[in-house]
Amino acid sequence: MTRIRNVAFLKSSNLRLLLREILKHQPISKAALAKRLHVGHSTVVQLLKPLIDRKIVVESMLGDSTGGRPPKLLSMNPDAAYGIVVDLSGHKIRVALMNCVLSIVTVSNLDADSDIYSTLESIVNVCNHLKEQANDVRILGLCVAISGVMDPATGKISSSLIEGLGNVRLVDYLREKLSLPIVVENDANLSALGEFMKMEKEVNNMFYIHMGEGLGGGLIIDRSIFRGDRGYAGEIGKILYDPQTFRTVGDVYSHLVRSSSHSEDEIVRLLSTIVLNVVSVLDIVNFVVGGTMFDISEKTLSKVETEVERHFYGFNVEVRKSKKNPDAMLIGAMEYLMENVLTNL
């Protein structure tokens with residue numbers, strides 16, 4: 001059944017796209033925004049008004065004239081507001097204060113405790129310290145990156161690497177403790193969004209492969225996170241590696257993590273299997289491989305590209321390595337927080 005979207009939904013969606021275009025292409029003129037978003041100049045002016053009124057977007061400089069008056073260029077005001085990002089994807093936890101141009105102001109590192117409430121209490125303490133550190137600057141809210149999926153209807157988290165997290169209604173707990181807007185999203189999805197924001201070339205679709213404590217994937221379709229019907233899109237660990245034994249990609253990955261050594265051929269075959277399956281279903285061209293578990297070279301990724309091309313009609317794919325600086329997950333989490341909070345102004 002086709003759903004008719006109401007005016008508020010359409011305004012929120014358009015504002016989300018406008019924010020992303022400013023962040024990716026600032027400084028940018030209103031005319032350029034209108035052209036990129038395929039809307040009229042008056043629509044851009046209307047969408048920008050609440051952001052300019054709150055000084056979140058500012059007219060930073062004059063652009064080059066094409067014959068008439070030089071256009072005023074728009075940029076995000078880095079100090080208009082901050083956001084707090086928590087990387088709760090594994091047992092090494094990061095809590096970062098970030099500004100409106102997706103830059104890290106400060107970051108703290110924590111170790112997960114065996115007791116989930118002790119872990120959450122430590123996170124809350126750091127967040128309260130960051131709120132104080134921000135002085136009078138507005139805190140937009142808190143975004144938590146998790147390894148797993150949260151059911152938006154129940155607030156229950158499943159498949160997390162953090163013991164006991166599935167027994168906590170995380171959003172309710174943190175909202176009560178911090179009195180801030182709280183959003184929760186899968187770590188690979190946020191990394192995919194961050195990689196998308198970092199890409200210099202224009203793409204609409206991409207796939208992010210995360211090789212950390214666990215194996216995961218994040219999918220960008222039509223420039224937005226794609227979650228599927230139940231939120232499990234990108235769970236590449238369930239891809240069959242050996243149909244005869246029903247051995248999965250996740251099984252192979254776990255073996256490589258546990259083993260003291262591994263060959264380049266093993267990594268190439270694992271990544272080629274993942275990329276080939278994704279390409280076969282979605283026809284994605286752009287892939288990014290990230291995570292801290294393996295130090296994978298560009299040479300290895302080039303072999304993956306060759307292997308996929310050999311098995312998929314000779315079509316090429318681009319598989320590149322994530323750059324650690326700036327951090328894709330933190331960028332994606334702050335972008336996601338801004339989209340969710342600022343589109344409700």
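- The backbone N or O of R247 lies less than 3.5 Å from no partner atom in the side chain of D242, so there is not a single donor-acceptor pair.
- With M76 as the fixed residue, the side chain to side chain contact (heavy atoms under 4.5 Å, CB included) test singles out one of V58, L51, L23: L23.
- For the atom pair CD1 (I236) and NE2 (H210), the distance works out to 10.0 Å, reported to the nearest 0.5 Å.
- In this structure a side-chain-to-backbone donor-acceptor pair under 3.5 Å is missing from H129 to N125.
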If you look only at distance, which donor and acceptor atoms sit under 3.5 Å apart when one is on a side chain in residues 276-293 and the other is two or more places apart or in another chain?
from : atom 1 : to   : atom 2 : distance (Å)
N277 : ND2    : T273 : O      : 2.7
S280 : OG     : L276 : O      : 2.7
N286 : OD1    : K201 : NZ     : 2.7

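- The side chain to side chain contact (heavy atoms under 4.5 Å, CB included) test with L110 is passed by exactly one of V126, L88, V86, T119: V126.
- Across all their heavy atoms, N189 and G217 have their closest contact at OD1-O, 4.0 Å.
- Checked by atom type, the side-chain pair E195/S322 shows a donor-acceptor distance below 3.5 Å.
- I56 is listed as a side-chain neighbour of L342, based on a closest heavy-atom distance under 4.5 Å.
- Listed by first and then second residue, the ring-ring contact (aromatic ring centres under 6.0 Å, His included) pairs that reach into residues 220-279 are Y253-F294, H262-F294, sequence neighbours excluded.
- Hydrophobic clustering, defined by side-chain heavy atoms of Ile, Leu, Val, Met, Phe, Trp and Tyr closer than 4.5 Å, leaves L161 isolated from every other such residue.
- In terms of modelled atom types and a separation under 3.5 Å, the side chain of E298 and the main chain of R320 share no donor-acceptor contact.
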For this session: Please lay out, stage by stage, how M211 and L270 fare under the test side-chain contact (heavy atoms from CB on, under 4.5 Å).
Result: CA-CA 11 Å; M211 304 178 81; L270 175 69; 4.1 Å; yes
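- With hydrogens and angles disregarded, a donor-acceptor distance shorter than 3.5 Å links the side chain of S122 to the backbone of S118.
- Rounding to the nearest 0.5 angstrom, the gap separating the CD1 atom in I209 from the CD1 atom in I274 is 5.0 Å.
- Identified under the salt bridge (Lys or Arg N to Asp or Glu O under 4.0 Å) test for residues 260-269, with sequence neighbours left out: E264-K303.
- No more than 12 heavy atoms of other residues, nucleotides or ligands lie within 6.0 Å of CD in E176, so this atom counts as exposed by the packing criterion.
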Problem set entry | Check against salt bridge (charged side-chain N to carboxylate O under 4.0 Å, His left out), R94 and D87 | CA-CA 5 Å; R94 296 178 295 169; D87 174 9; 3.0 Å; yes
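- No more than 12 heavy atoms of other residues, nucleotides or ligands sit less than 6.0 Å from atom NZ of K92.
- Under the 4.5 Å side-chain heavy-atom criterion for Ile, Leu, Val, Met, Phe, Trp and Tyr, L18 and I52 are members of the same hydrophobic cluster.
- In this structure a side-chain-to-backbone donor-acceptor pair under 3.5 Å is missing from D151 to K156.
- Look at D295 and K321 and you find a salt bridge, because one of the NZ, NE, NH1 or NH2 atoms lies within 4.0 Å of a carboxylate O, short of that distance.
- The pair R227-E185 meets the salt-bridge criterion, with a side-chain N (NZ, NE, NH1 or NH2) lying under 4.0 Å from an Asp/Glu carboxylate O.
- Salt bridge present: R36 and E21 bring a charged side-chain N and a carboxylate O closer than 4.0 Å.
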What side-chain donor-acceptor pairs closer than 3.5 Å can you find for residues 96-109, not counting sequence neighbours?
from : atom 1 : to   : atom 2 : distance (Å)
N99  : OD1    : V101 : N      : 3.0
N99  : OD1    : L102 : N      : 3.4
N99  : OD1    : S103 : N      : 3.1

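- Annotation for L190 and C143: closest pair CD1-SG, 4.0 Å, computed over non-hydrogen atoms.
- Of the possible donor and acceptor atoms, none in the side chain of N204 sits under 3.5 Å from a partner among the backbone N and O of D222.
- Taking 4.5 Å as the limit, some side-chain heavy atom of M150 sits within range of a side-chain heavy atom of V171.
- Put simply, CD1 on I157 and CG on L170 are 4.5 Å apart, with the number rounded to the nearest 0.5 Å.
- Between L37 and L17, the closest heavy-atom pair is CD2-CB, 3.8 Å.
- Under a hydrophobic clustering in which Ile, Leu, Val, Met, Phe, Trp and Tyr are joined whenever their side-chain heavy atoms come within less than 4.5 Å, directly or via other members, V308 and Y208 fall into different clusters.
- G83 and M334 get closest at one heavy-atom pair: N-CE, 3.5 Å.
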Could you list the donor-acceptor pairs under 3.5 angstrom formed by side chains in residues 42-49, with sequence neighbours left out?
from : atom 1 : to  : atom 2 : distance (Å)
K49  : NZ     : D53 : OD2    : 2.8

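- Between the NZ atom in K177 and the CG atom in L174 there is a gap of 10.0 Å [rounded to 0.5 Å].
- Residue D115 holds its CG atom at 9.0 Å from CD of E121, rounded to the nearest 0.5 Å.
- A side-chain donor-acceptor contact under 3.5 Å links K24 to the backbone of F196.
- Using modelled atom types, one side-chain atom of S191 and one backbone atom of D187 make a donor-acceptor pair closer than 3.5 Å.
- Between atom CD1 of residue I146 and atom OG of residue S158 there is a gap of 7.5 Å, rounded to the nearest 0.5 Å.
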